[in-house]
Visitor: 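Take this structure first; my questions come after.
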Protein chains: 2
Amino acid sequence: MKYIEKLRNSGLRPTKQRLQICEVLFDTEKTFHFTINDLANKIKKQLNNKISLATIYNTVHAFEKKGYLKQIPINSNQTYFDTNVSDHHHFYDLKEEKLIDLENSDVGPINILKKINGKKIKSVEVLVKLED
Amino acid sequence: MKYIEKLRNSGLRPTKQRLQICEVLFDTEKTFHFTINDLANKIKKQLNNKISLATIYNTVHAFEKKGYLKQIPINSNQTYFDTNVSDHHHFYDLKEEKLIDLENSDVGPINILKKINGKKIKSVEVLVKLED
DNA sequence: ACACTTTTTTAGAACCATTATAAAGTAGAT
DNA sequence: ATCTACTTTATAATGGTTCTAAAAAAGTGT
């Protein structure tokens with residue numbers, strides 16, 4: 001299994017559940033956005049066995065901490081995650097309530113001129129809201 | 001009262017509660033960021049009478065819909081609002097969990113090159129995460 | 001001022017995403 | 001195989017937000 005080493009290298013034991021969640025998240029041609037609820041449904045459809053909701057939460061947070069997933073900053077009652085961890089941005093279609101990737105090259109270079117003493121910039125995230 | 005007309009023009013009846021919330025939100029030298037919980041505490045401190053939490057939620061949402069407040073897109077268990085409704089952005093200090101305004105002039109012009117068919121850009125919001 | 005309609009406020013219940021708990025199961029090391 | 005630390009699990013608890021339905025207030029017409 002190709003994910004065993006990846007997990008072990010991160011200090012995460014390669015359990016059956018984690019490996020299966022890896023398959024659902026990363027064995028896809030395209031990256032995608034999801035909520036925990038989306039992911040739970042996807043897991044139920046794709047796998048024969050059940051994975052507890054608590055495990056899904058734990059695993060997603062563990063993967064996020066290790067940098068295999070990113071949270072998308074957006075106001076919603078649910079938290080959105082992205083399997084695309086490269087530096088990029090998002091459209092948010094307010095009507096359809098859907099996220100669309102915006103590659104870095106689709107957004108001109110962003111230059112933050114203001115500096116805060118003793119703080120470093122960790123990330124710059126752009127959310128472009130769309131209406132009809 | 002200076003807020004009576006403002007409310008009436010928006011189709012909101014100028015009730016005692018709404019006027020008092022206006023005072024707390026807009027009778028300040030500087031704009032500020034807040035959660036509903038922050039606002040409820042501020043109201044409790046500044047006013048003698050109690051305003052129901054449901055009313056605070058209703059009012060904040062009404063004001064947001066009318067454009068007197070803005071939601072700040074950030075992942076948190078609470079929703080953050082901003083009394084500064086001008087076009088601007090935010091730093092988010094991850095350690096202190098504090099928001100800092102970033103004026104539009106502090107961020108170079110942002111040019112979204114990608115277009116989505118039949119959709120217009122409603123807003124462009126930048127969140128700059130800070131670490132030590 | 002009064003009667004009438006519509007909007008607003010309110011306390012409390014309900015909702016629901018997320019987190020905590022604690023017991024059972026599993027992985028890895030010796 | 002045994003031991004220890006980590007992981008999974010079902011379920012309970014938490015907590016921000018929304019809903020409900022009754023009481024209060026605001027607006028309108030007379």
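So you know, we letter chains A, B, ... as the sequences are listed, proteins then strands, and number each from 1.
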Visitor: Send over the distance from Asn58(B) CG to dA24(D) P, rounded to a whole Å.
Guide: 18 Å
Visitor: Tell me the interatomic distance from Leu19(A), atom CG, to dT8(D), atom C1', rounded to whole angstroms.
Guide: 14 Å
Visitor: Is Thr79(A) near enough to dT18(C) that one of its side-chain N or O atoms lies under 4.0 angstrom from OP1 or OP2?
Guide: yes
Visitor: Between Lys114(A) (side chain only) and Asp101(B) (backbone N and O only), is there a donor and an acceptor less than 3.5 Å apart?
Guide: yes
Visitor: Please state whether the phosphate of dA27(C), meaning OP1 or OP2, lies under 4.0 angstrom from any side-chain nitrogen or oxygen of Arg8(A).
Guide: no
Visitor: What orientation do Phe81(A) and Phe34(A) show, parallel under 30°, tilted 30 to 60°, or perpendicular over 60°?
Guide: parallel
Visitor: Checking the side chain of Thr35(A) only, and the main-chain atoms of Asp38(A) only, is there a donor and an acceptor separated by less than 3.5 Å?
Guide: yes
Visitor: Is any side-chain nitrogen or oxygen of Thr15(A) closer than 4.0 Å to OP1 or OP2 of dA27(C)?
Guide: no
Visitor: Is any side-chain N or O of Gln17(B) closer than 4.0 Å to OP1 or OP2 of dT10(C)?
Guide: yes
Visitor: Please confirm whether the shortest side-chain N or O distance from Lys50(B) to OP1 or OP2 of dA11(C) is below 4.0 Å.
Guide: yes
Visitor: Please check the phosphate of dT19(C) (OP1 and OP2 only) for any side-chain N or O of Tyr57(A) closer than 4.0 Å.
Guide: no
Visitor: So, OP1 or OP2 of dT17(D): does either fall under 4.0 Å of a side-chain N or O from His61(B)?
Guide: no
Visitor: Let's test your reading of the model: under 3.5 Å, does the base of dT6(C) pair with the side chain of Arg13(B) as donor and acceptor?
Guide: yes
Visitor: Expressed as a whole number of angstroms, how long is the span from Leu12(B):CG to dG27(D):C1'?
Guide: 14 Å
Visitor: Compute both the distance and the angle, then confirm whether Lys6(B) meets the cation-pi test with Phe26(B): under 6.0 Å from the six-membered ring centre, within 45 degrees of the axis.
Guide: yes
Visitor: Using 4.0 Å as the upper bound for N to carboxylate O, is an ion pair formed by Lys119(B) and Asp132(A)?
Guide: yes
Visitor: When you match Leu53(B) and Lys16(B) each to their closest nucleotide on DNA chain D, which lands nearer the 5' end?
Guide: Leu53(B)
Visitor: Round to the nearest Å and state the distance from Arg18(A) atom CZ to dT9(D) atom P.
Guide: 11 Å
Visitor: For Leu39(B) and dT17(D), what is the distance between atoms CG and P respectively, to the nearest whole Å?
Guide: 12 Å
Visitor: When the distance from CG of Asp38(B) to P of dG16(D) is rounded to whole Å, what number comes out?
Guide: 11 Å
Visitor: Measure from CZ on Phe81(B) to P on dG16(D) and round the result to the nearest Å.
Guide: 14 Å
Visitor: From the list dT10(C), dG28(C), dT9(D), which nucleotide is the closest neighbour of the side chain of Ile51(A)?
Guide: dT9(D)
Visitor: Taking OP1 and OP2 of dT10(C), is either one under 4.0 Å from a side-chain nitrogen or oxygen of Thr55(B)?
Guide: yes
Visitor: Rounded to whole Å, how long is the line connecting atom CG of Asn77(A) with atom P of dC19(D)?
Guide: 11 Å
